[in-house]
Q: 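Encoded as structure tokens, here's the structure I'll be asking about.
Along the sequence shown, residues carry numbers from 1. On a predicted model such as this, the values are computed, not experimentally measured, just so you know.
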Amino acid sequence: MSGAPGGAGRGADHGAVVDPALLDWLLDSDPALRWQVERDLAGAPPEVWEATRARVATEGMGAQLLALQDPDGQWAGGAYFPADFDVHGPEAADDAGQPWTATTWTLTTLRDWGVDAAVLGDTAERLAASSRWEYDDLPYWGGEVDACINAYTLANGAWLGADVSGLAQWFVEHRLPDGGWNCEWVEGSTRSSFHSTLNTVRGLLSYERATGADDALRQARHAGEEYLLRRRLLYRLSTGELVGPWVTRFAYPFRWFYSALHAVDHLRAAALHDGVPPDPRLAEAVEVIRAARRPDGTWVQERRHPGRVWFEIDVPAGEPSKWLTFHGTRALAWWDGATG
């Protein structure tokens, strides 16, 4: 790590002390990450981190993404896939991943990075007029049939001020009997998925924050979170075995992939929103996160999710990741501060 040691920081919601050299390394980053480090780890006053957050739209990666928007409000000419995506070409092969450049993923990234919706102007209206899902040519803000895609759309719509209330109700109607969701429900699946459930509860929480969701939506979110907590975020309920090797592999951007870090990151946000302490059933997942921390306090990028991107956001696999280190440090500081 580089960067001269500075004052230790106290996180805004956990009061934990962060190693000074680690904090300086994290602060030496794009505004999209820096403002979050200032707020959640350095304990900076609101006027400091809010000023850095405002820079996301005018500097660095956030400004780059905004500059790539099409005149009709989309990115890459498509809703979930770029306009030139060939469903029969090499980019559609099983091991090719998927493109991450079209509208839904770009909006999700800008929202996650804290861009003010006002910067997007009339994007919601332009998308309503011009963007259609690749699935059945459905209108953008109405969603489609995939729970993960609908969750991103719900969160992005609430952020941009689109009317996505009908889509919100879709999640209540499509929750499976075991408490969660599965993007393969349309193919007949009746068992929830870790990936789909995590993406859904993240979307529901974002919608709730933006709109003050009703009791039915809040109950649906809590049921999805309970689905994960009953499995201690790691295991199959039926056998007690690890649900998959991907649970302990960390990569940023998170995308739609489930991991212990991605799940704890959400459940931290949900607990803070609900005003409740950490659920004790998080303990094993937290220790998975802790075990992945290197002696210098960093977490390593374990892989890159394959697929077309506008530009690389984080380091290559095998290198220490500032984004993962931020999320890992924040998760452990929250847990340790509340349970230690």
Q: Looking at Glu225 and Arg202, is any side-chain nitrogen of the basic one under 4.0 Å from a carboxylate oxygen of the acidic one?
A: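 Salt bridge flag = no for Glu225 with Arg202.
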
Q: Strictly under 6.0 Å, is that where the ring centroids of Trp181 and His174 end up?
A: no

Q: Just how far is it from atom CG of Leu110 to atom CH2 of Trp75, taken to the nearest 0.5 Å?
A: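 Reported to 0.5 Å precision, the distance equals 5.5 Å.
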
Q: Between CZ of Arg34 and CG of Leu27, what distance do you get to the nearest 0.5 Å?
A: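 Between atom CZ of Arg34 and atom CG of Leu27 there are 5.0 Å.
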
Q: Consider ring-ring contact (aromatic ring centres under 6.0 Å, His included). Of Phe81, Tyr140, Trp141, which one does Trp133 pass it with?
A: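 Exactly one candidate clears the test, Tyr140.
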
Q: Less than 4.0 Å between a side-chain N and a carboxylate O, is that true for Asp215 and Arg218?
A: yes

Q: Same hydrophobic cluster for Val18 and Val48, using side-chain heavy-atom links shorter than 4.5 Å among ILVMFWY?
A: no

Q: Determine whether a donor-acceptor pair (N or O, by modelled atom type, separation under 3.5 Å) exists between the side chain of Arg231 and the backbone of Tyr227.
A: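 Yes; at least one donor-acceptor contact below 3.5 Å.
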
Q: Are Val276 and Leu205 co-members of a hydrophobic cluster defined by side-chain heavy atoms under 4.5 Å apart?
A: no

Q: Hey, does the side chain of Asn182 reach the backbone of Arg191 with a donor-acceptor pair shorter than 3.5 angstrom?
A: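 Side chain of Asn182 to backbone of Arg191: a pair is present.
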
Q: Can you see which heavy atom on Ala79 is nearest to which on Gln74, and at what distance?
A: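 That would be N-OE1, 3.7 Å.
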
Q: Compare all side-chain heavy atoms of Leu65 with those of Trp113 and state whether any distance is below 4.5 angstrom.
A: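 When only atoms from C-beta onward are counted, Trp113 and Leu65 do touch, with a gap below 4.5 Å.
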
Q: Would you call the rings of Phe257 and His195 parallel, tilted or perpendicular, where under 30° means parallel and over 60° means perpendicular?
A: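 The rings of Phe257 and His195 stand perpendicular, inter-plane angle above 60°.
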
Q: On a heavy-atom basis, which atom in Glu38 and which in Thr52 lie closest, and how many Å separate them?
A: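 Reported closest heavy-atom pair: OE1-OG1, 2.8 Å.
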
Q: What pair of heavy atoms forms the shortest contact from Arg232 to Ala285, and how long is it?
A: O-CB, 4.2 Å

Q: With no hydrogens and no angle check, just 3.5 Å: does a side-chain donor-acceptor pair link Glu284 and Tyr235?
A: yes

Q: Using a strict cut-off of less than 4.0 Å between a Lys/Arg side-chain nitrogen and an Asp/Glu carboxylate oxygen, indicate whether Arg290 and Asp336 qualify as a salt bridge.
A: yes

Q: Roughly how far apart are Asn150 CG and Leu167 CG, rounded to 0.5 Å?
A: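 Those atoms lie 4.5 Å apart.
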
Q: Does this structure show an ion pair linking Arg55 with Asp30, if we count only N-O contacts that are shorter than 4.0 Å?
A: no

Q: In this structure, is the centre-to-centre distance between the rings of Tyr152 and Trp256 below 6.0 Å?
A: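 No: the rings miss the under 6.0 Å criterion.
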
Q: As an exercise, state the distance from CG of Leu107 to OG1 of Thr123, rounded to the nearest 0.5 Å.
A: 7.0 Å

Q: Could you state the interatomic distance from CG (Leu261) to CD1 (Ile289), rounded to the nearest 0.5 Å?
A: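 CD1 of Ile289 is found 5.0 Å from CG of Leu261.
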
Q: Any non-hydrogen side-chain atom of Gln219 less than 4.5 Å from a side-chain atom of Arg175?
A: no

Q: Is the shortest side-chain heavy-atom distance between Trp25 and Pro320 below 4.5 Å?
A: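 Result yes, sub-4.5 Å side-chain heavy-atom pair found.
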
Q: Without swapping roles, check the side chain of Trp310 against the backbone of Met61 for a donor-acceptor pair under 3.5 Å.
A: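 Side chain of Trp310 to backbone of Met61: no pair is present.
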
Q: For Ala96, is there any backbone N or O sitting under 3.5 Å from a side-chain donor or acceptor partner on Asp94?
A: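 A pair under 3.5 Å: no.
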
Q: Test salt bridge (Lys or Arg N to Asp or Glu O under 4.0 Å) on Arg221 and Asp274 and set out the steps.
A: CA-CA 11 Å; Arg221 172 171 67 84; Asp274 292 338; 2.8 Å; yes

Q: Sub-3.5 Å donor-acceptor pair from the side chain of Ser192 to the main-chain atoms of Gly180, do we have one?
A: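 It does hold such a pair.
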
Q: In sequence, state the C-alpha distance, the side-chain angles, and the governing distance for Asn156 and Thr108, and then conclude on side-chain hydrogen bond (donor to acceptor under 3.5 Å, both in side chains).
A: CA-CA 6 Å; Asn156 292 335; Thr108 299; 3.1 Å; yes

Q: Is Arg126 reaching over with its side chain to a backbone N or O of Pro71, donor-acceptor style, under 3.5 angstrom?
A: yes

Q: Using the side-chain contact (heavy atoms from CB on, under 4.5 Å) rule, take Leu332 and Arg293 through it: C-alpha gap first, then chi angles, then the decisive distance, then the call.
A: CA-CA 10 Å; Leu332 294 185; Arg293 182 173 57 183; 3.7 Å; yes

Q: Salt bridge between Asp178 and Arg230, side-chain N to carboxylate O under 4.0 Å?
A: no

Q: Quick one: salt bridge (Lys or Arg N to Asp or Glu O under 4.0 Å) partners of Arg132, sequence neighbours excluded?
A: Asp137

Q: Answer yes or no: is there a side-chain heavy-atom contact under 4.5 Å between Trp185 and Val145?
A: yes

Q: Between Leu217 and Asp214, what is the shortest heavy-atom contact and its length?
A: N-OD1, 2.9 Å

Q: Answer yes or no: is there a donor N or O on one side and an acceptor on the other, between the side chain of Gln301 and the main chain of Tyr252, under 3.5 Å?
A: yes

Q: Should Val115 and Arg111 count as side-chain neighbours, where that means a heavy-atom distance under 4.5 Å?
A: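 A side-chain contact is absent here, since even the closest heavy-atom pair is not under 4.5 Å.
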
Q: Is there side-chain contact between Lys322 and Thr298, with heavy atoms separated by less than 4.5 Å?
A: no

Q: Honestly curious: do Leu66 and Trp105 fall in one hydrophobic cluster under the side-chain, below-4.5 Å linking rule?
A: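 Yes; tracing contacts between hydrophobic side chains, which count when under 4.5 Å, links both residues.
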
Q: Return the minimal non-hydrogen interatomic distance between Leu233 and Ala263, and the atom names on each side.
A: CD2-CB, 3.6 Å

Q: May I ask you to check whether Phe254 and His305 place their ring centres under 6.0 Å from each other?
A: no

Q: Using a strict 4.0 Å threshold on nitrogen-to-oxygen distance, state whether Glu50 and Arg53 make a salt bridge.
A: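 No, Glu50 and Arg53 are not salt-bridged.
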
Q: With hydrophobic residues grouped by side-chain heavy-atom distances under 4.5 Å, do Ile149 and Leu176 end up in a single group?
A: no

Q: Under 3.5 Å, is there a donor-acceptor pair between the side chain of Asp146 and the main chain of Cys183?
A: no

Q: Can Leu237 be reached from Leu242 by stepping across I, L, V, M, F, W or Y side chains whose heavy atoms are under 4.5 Å apart?
A: no

Q: Take Arg330 and Asp40, measure what salt bridge (Lys or Arg N to Asp or Glu O under 4.0 Å) needs, and give me the verdict at the end.
A: CA-CA 7 Å; Arg330 184 173 68 173; Asp40 295 336; 2.6 Å; yes

Q: Tell me the closest heavy-atom pair linking Val288 and Ala260, and the distance in Å.
A: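 Nearest heavy atoms, Val288 then Ala260: CG1-CB, 4.2 Å.
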
Q: Between Ser259 and Phe250, is there a donor-acceptor pair closer than 3.5 Å when you use the side chain of the first and the backbone of the second?
A: no

Q: Output, in order, the C-alpha distance, side-chain angles, deciding distance and verdict of side-chain contact (heavy atoms from CB on, under 4.5 Å) for Glu319 and Val300.
A: CA-CA 5 Å; Glu319 295 186 13; Val300 168; 6.0 Å; no

Q: Quick one: pull up CZ in Arg255 and CH2 in Trp100 and give me the separation to the nearest 0.5 Å.
A: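 Here the interatomic distance stands at 5.5 Å.
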
Q: Please evaluate residues Glu184 and Ser196 with respect to the criterion side-chain contact (heavy atoms from CB on, under 4.5 Å), reporting the C-alpha separation (whole Å), side-chain torsions for both, the decisive distance (0.1 Å), and the verdict.
A: CA-CA 9 Å; Glu184 300 298 325; Ser196 302; over 6 Å; no

Q: Does the side-chain contact (heavy atoms from CB on, under 4.5 Å) test come out yes or no for Thr103 and Tyr80, once each step is laid out?
A: CA-CA 6 Å; Thr103 302; Tyr80 195 74; over 6 Å; no

Q: In the structure I gave you, are the side-chain heavy atoms of Leu68 and Thr101 within less than 4.5 Å of one another anywhere?
A: no

Q: Is the backbone N or O of Phe326 less than 3.5 Å from a side-chain atom of Trp299, with the two atoms forming a donor-acceptor pair by type?
A: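 Between the backbone of Phe326 and the side chain of Trp299 there is no qualifying donor-acceptor contact (under 3.5 Å).
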
Q: List the residues meeting side chain to side chain contact (heavy atoms under 4.5 Å, CB included) with Val243, not counting sequence neighbours, and say none if there are none.
A: Phe194, Arg236, Trp246, Val247

